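To keep things clear, I will list the structure first and then write my remarks on it.
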Amino acid sequence: MPFTIAIDGPAAAGKGTISRALAQEFGFAHLDTGLLYRAVGMKGGDPVQAAQSLSPDDLARPDLRSLAAGVAASRVATIPQVRAALVAFQRDFAAREGGAVLDGRDIGTVICPEADVKIFVTASAEVRAARRFAETGEGTFAEVLEQVRARDARDMGRAYAPLRPAEDAMILDTTDLSIDAAVAKACALIAARLT
Ligand code: CDP
């Protein structure tokens with residue numbers, strides 16, 4: 001039976017860790033949709049063509065988690081034709097038998113508005129920048145904070161599929177939560193919906 005979980009939120013809020021943990025706990029498949037945008041951003045050339053011709057090799061690049069890939073992703077993600085080219089792949093993934101967790105920015109609002117559970121994971125910009133700084137070891141904390149804020153502004157301010165919680169999303173603020181506590185809350189929510 002398809003069971004879709006939509007996890008959205010800003011950069012480094014904990015979406016990835018929570019999504020992977022949910023997939024593991026409940027045996028669902030997981031798609032990190034940010035990787036699609038990162039791969040388009042890093043492919044170079046015309047972004048629309050890049051999105052239309054994305055290959056498994058593009059998604060296996062070792063530099064997709066870099067700060068530069070995040071910035072490139074949020075730039076190409078403002079282009080409606082880029083987003084449109086990636087919709088079918090994401091919806092097919094969401095509809096698979098056995099359940100799926102998708103994390104991104106517009107899963108609960110645009111890609112899977114009928115998702116069984118929607119969680120909007122957030123945290124203060126300072127806490128998110130500290131996490132991203134520890135994770136990548138790139139640049140200085142001030143530079144990472146600046147990038148997190150610039151990316152938030154671009155993701156929330158774009159005209160097409162902006163970052164915002166779906167009306168029926170549960171808000172999970174991880175500013176003062178350990179990752180274990182955040183994962184436990186999300187797991188409890190899903191367990192309650194599955195019974
Ligand atoms: O891991 P992090 O939260 O930093 O970023 P990500 O999820 O890999 O996404 C990178 C960028 O891709 C975001 O800043 C968004 O601009 C864009 N994105 C999007 O527009 N829609 C999605 N479903 C996923 C990512």
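Only this structure's heavy atoms are used, side chains among them; waters, hydrogens and symmetry mates stay out. Every number for a ligand or one of its atoms is a count from 1 in the order of the listing. Here the structure is a predicted model, which means the values were calculated and not measured.
- What sits closest to atom 7 (O) of ligand 1 on the protein, heavy atoms only, is R105 NH1, 3.1 Å.
- Remark: R105 does not engage D8 in a salt bridge, criterion side-chain N to carboxylate O under 4.0 Å.
- Shown in contact with R151 at under 4.0 Å from a heavy atom are these atoms of ligand 1, numbered in order with element: 4 (O), 5 (O), 10 (C), 11 (C), 13 (C), 14 (O).
- For atom 16 (O) of ligand 1, the nearest non-hydrogen atom from the set D155, V40, I7 comes from D155.
- For a threshold of 3.5 Å applied to N or O pairs, the pair formed by D106 and ligand 1 contains at least one separation below that value.
- Side-chain heavy atoms closer than 4.5 Å link hydrophobic residues (I, L, V, M, F, W, Y) into clusters, and following such links, possibly through other members, connects L189 to F3.
- In terms of protein heavy-atom proximity, atom 8 (O) of ligand 1 is closest to R38 NE, 2.6 Å.
- Ligand 1 has no atom lying under 4.0 Å from any heavy atom of R75.
- Short contacts between ligand 1 and A77, defined as distances under 4.0 Å to a heavy atom of the residue, involve ligand atoms 16 (O), 17 (C), 20 (O).
- Atom CG of D176 has 12 or fewer neighbouring heavy atoms from other residues, nucleotides or ligands inside a 6.0 Å radius.
- No continuous path of ILVMFWY side-chain contacts below 4.5 Å connects I5 to L102, so the two sit in separate hydrophobic clusters.
- In summary, of the residues considered (R128, R131, K185), a side-chain hydrogen bond (donor to acceptor under 3.5 Å, both in side chains) with T174 occurs for R131 alone.
- Taking a cutoff of 4.0 Å between a charged side-chain nitrogen and a carboxylate oxygen, D32 and R65 qualify as a salt bridge.
- Using a cut-off of 4.0 Å between Lys/Arg side-chain N and Asp/Glu carboxylate O, R158 and D155 are scored as salt-bridged.
- Each of the atoms 10 (C), 11 (C), 12 (O) of ligand 1 lies under 4.0 Å from some heavy atom of A73.
- Counting protein heavy atoms only, atom 4 (O) of ligand 1 is closest to R132 NH1, 2.6 Å.
- When hydrogens are left out, the protein atom nearest atom 3 (O) of ligand 1 is K15 NZ, 2.9 Å; that is the closest non-hydrogen contact.
- Note on R20 versus D103: no salt bridge recorded, every NZ/NE/NH1/NH2 to OD/OE distance being 4.0 Å or above.
- Ligand-side atoms of ligand 1 in range of Y37: 12 (O), 18 (N), 19 (C), 21 (N), 22 (C), 23 (N), 24 (C), 25 (C), range being under 4.0 angstrom from any heavy atom.
- At least one heavy atom of R158 sits under 4.0 Å from some atom of ligand 1.
- At a 4.0 Å cut-off, at least one heavy atom of A12 sits close enough to ligand 1 to count as contact.
- Look at R83 and you'll find a heavy atom under 4.0 Å from some atom of ligand 1.
- A salt bridge links E135 to R132: at least one charged side-chain nitrogen sits closer than 4.0 Å to a carboxylate oxygen.
- No donor-acceptor pair under 3.5 Å is formed between the side chain of K118 and the backbone N or O of I171.
- Ligand 1 has a nitrogen or oxygen under 3.5 angstrom from a nitrogen or oxygen of T33.
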